[in-house]
Amino acid sequence: MLDIRITKTQHPKDKPDQEHLGFGHYYTDHMFIMDYTEGQGWHDARIEPYHALSLDPAAMVFHYAQESFEGMKAYRTADGNVQLFRPYKNAARFASTHRRLCIPEIPEEDFVQAVKALVDIDRDWVPNAPNTSLYLRPFTIATEAHLGVKPSNSYAFIVIASPSGAYYASGLAPVKIYVEDEYVRATPGGTGYIKCGGNYAASLAGQEKAEKLGYSQVLWLDGIERKYVEEVGSMNCFFKIAGKIYTAPCVGTVLPGITRMSCIELLRHWGYEVNDTDRLAIADVIKAADNGTLEEVFGTGTAAVISPVGQLYYQGKECVVGDGKTGEVTQKLYDTLTGIQYGRLEDTHGWIEKV
Ligand SMILES: *Cc1c(COP(=O)(O)O)cnc(C)c1O
C-alpha cells in the first residue's frame, strides 16, 4: 500500500465542453507522482496540482529514451459511477516494459492504487456524454543527469489524466489502410512487445507516408521478411477469413493488447475459432480479398476500442474488405466491450474495477 500525500489545487480549472474534447487536449487539476532513488527504492508517492516538470537538460530520458508508458481509461456509467477496465493487466504490462528497459518495477497493486487515487480526486473530470472517457497516461522517465549510456539511478513515475471525446462521431467508420513494406515497427529481440516512447518515434515516418498517400493508418508487416501481418497503427489487428478469425501471435514483435486479449476471450466464448498462434501472410489476406473470403478486418486498442478497416492498399493494389462496411463481428465486439466498459452490460467476466 502506498502512503499517498495529497495536495489539492487552489485553482481548479474550468472544464472543457464535452462535445468538443477530441483526444489529448485537456488535462485535469491533479497529477500523481512518485520518485525512485537508487538505494531507497520508490518513495514520496503524492498527488499534486497539475504542473510542469523541472528536469536537468542532461536527464537521461532526453538522450537515451529510457521511458515507459501505459494507456487506459476511466468510464462514467449511467448511474454516475466511475470504473476502470482490467487495470491489473495494464499494471502487469507496465512491469514487463520496465524489465525490458532496466527500469525498477512498480508493484502491480501500487500502480493500480496510484491510478485509482488520481481518478478519485479528479472524479468530476470523468465526462458523461456518450462514449467519452477520462484517458489515463501512467509513465516513467529516467531523471538522472548523466550522458553515459547505462540505466538511470533515479526515475519519476507520473500519472496524468485527459478527458477525451467519443472516437467516432456517428457510429463506427471503416478506414483505409496502407500496408507498409518499407519501414518496420518491430524486430525480434527488440522492443515491439512493450509500450515505450521510442517505438512511436520510429513509427512516425511510416505513418506520415501513409497519410500523404491518403490512408489513415499503416498496417505493419514483420520486420524480417515483410511478409506477415503484425499490427495496424498503434492497434492490434484481426482478420476474419471464411468464418475463422486470425490475429498475430504475441511473440516479441506484437504488443499484447488488453483489448486484443478481451476480443479473443469474447470471440471464443461466442464459439468462433480464433487463431492467435500462427502468423498470417499478407499474401493470404490479399488472396482472400480476391476470392471474396476476406470478411472483416479491424484494429483493437484502448483509444478507439475497435476500428473497422474497409480497404487495404498493398503494392499497387487496392482491396476492399467484405463490402467495405463495418462487419457484423466487428460491430458486436465494439458493442459488447463498450457495453461492459460503460456499465450498460453485465460484467460477466470480472473485468470491471470500480473507483
Ligand atoms: C497500446 C498498444 C496497443 C493496444 O493495446 P491495448 O491494451 O488494447 O490498449 C496495440 N499496439 C501497440 C503498438 C500499442 O502501443
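Only a predicted model underlies this, so the values are computations on that prediction, with no experimental measurement involved. When a ligand or atom number is given, it counts from 1 through the structure's own listing order. Computed from heavy atoms alone, side chains included, the values below leave out hydrogens, waters and symmetry copies.
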Report summary line: atom 1 (C) of ligand 1 has as its nearest protein heavy atom Lys195 NZ, 1.3 Å

Query raised in the report: Is the number of heavy atoms from other residues, nucleotides or ligands within 6.0 Å of CG (Asp3) greater than 12?
Result: no

Report task. Below 4.0 angstrom from a heavy atom of Gly257, which ligand 1 atoms are there? Numbered from 1 as shown, please. Result -> 5 (O), 6 (P), 7 (O), 8 (O)

Report task. Answer yes or no: does an N/O atom from Thr300 fall short of 3.5 Å to an N/O atom of ligand 1? Result -> no

Query raised in the report: If hydrogens are left out, which of Asn90, Thr302, Leu255 has an atom nearest to atom 9 (O) of ligand 1, that is, the closest non-hydrogen atom?
Result: Thr302

Requested in this report: Flag yes if more than 12 heavy atoms outside Asp14 fall under 6.0 Å of its CG atom; otherwise flag no.
Outcome: no

Query - N-O pairing of Glu353 and Lys116 below 4.0 Å - result: yes

**Report entry** Under 4.0 Å to a heavy atom of Arg93 - the qualifying atoms of ligand 1, by number
**Finding:** 5 (O), 6 (P), 7 (O)

Report task. Decide whether Thr143 and Ser154 meet the rule of one side-chain donor and one side-chain acceptor closer than 3.5 Å. Result -> yes

**Report entry** Per-atom contacts, ligand 1 versus Tyr200 - under 4.0 Å to a heavy atom
**Finding:** 12 (C), 13 (C), 14 (C), 15 (O)

Report task. May I ask whether Gly71 has any heavy atom positioned less than 4.0 angstrom from an atom of ligand 1? Result -> no

Query raised in the report: Within the structure, does Ile258 bring an N/O atom to less than 3.5 angstrom of an N/O atom in ligand 1?
Result: yes

Query raised in the report: So which heavy atom in the protein is nearest atom 8 (O) of ligand 1, and how far is it from that ligand atom?
Result: Thr259 OG1, 2.6 Å

Requested in this report: Please state whether the rings of Tyr178 and Tyr215 are parallel, tilted or perpendicular, taking 30° and 60° as the class boundaries.
Outcome: tilted

Query raised in the report: Considering only the protein, which heavy-atom contact is closest to atom 3 (C) of ligand 1, and what is its distance?
Result: Ser234 O, 3.4 Å

Query raised in the report: Which of these, Lys89, Glu70, Glu231, has its nearest heavy atom closest to atom 12 (C) of ligand 1?
Result: Glu231

Query raised in the report: ring pair (Phe, Tyr, Trp, His ring centres under 6.0 Å) between Tyr36 and Tyr155: does it pass, once the steps are laid out?
Result: CA-CA 5 Å; Tyr36 178 92; Tyr155 299 86; 5.8 Å; yes

Query raised in the report: Has ligand 1 got any nitrogen or oxygen that is less than 3.5 angstrom from a nitrogen or oxygen of Arg185?
Result: no

Requested in this report: Given salt bridge (Lys or Arg N to Asp or Glu O under 4.0 Å), test Lys13 with Asp122 step by step and report yes or no.
Outcome: CA-CA 11 Å; Lys13 299 180 230 183; Asp122 283 335; over 6 Å; no

Report task. Give a yes or no on this: more than 12 heavy atoms of other residues, nucleotides or ligands lie within 6.0 Å of atom CD of Glu225. Result -> yes

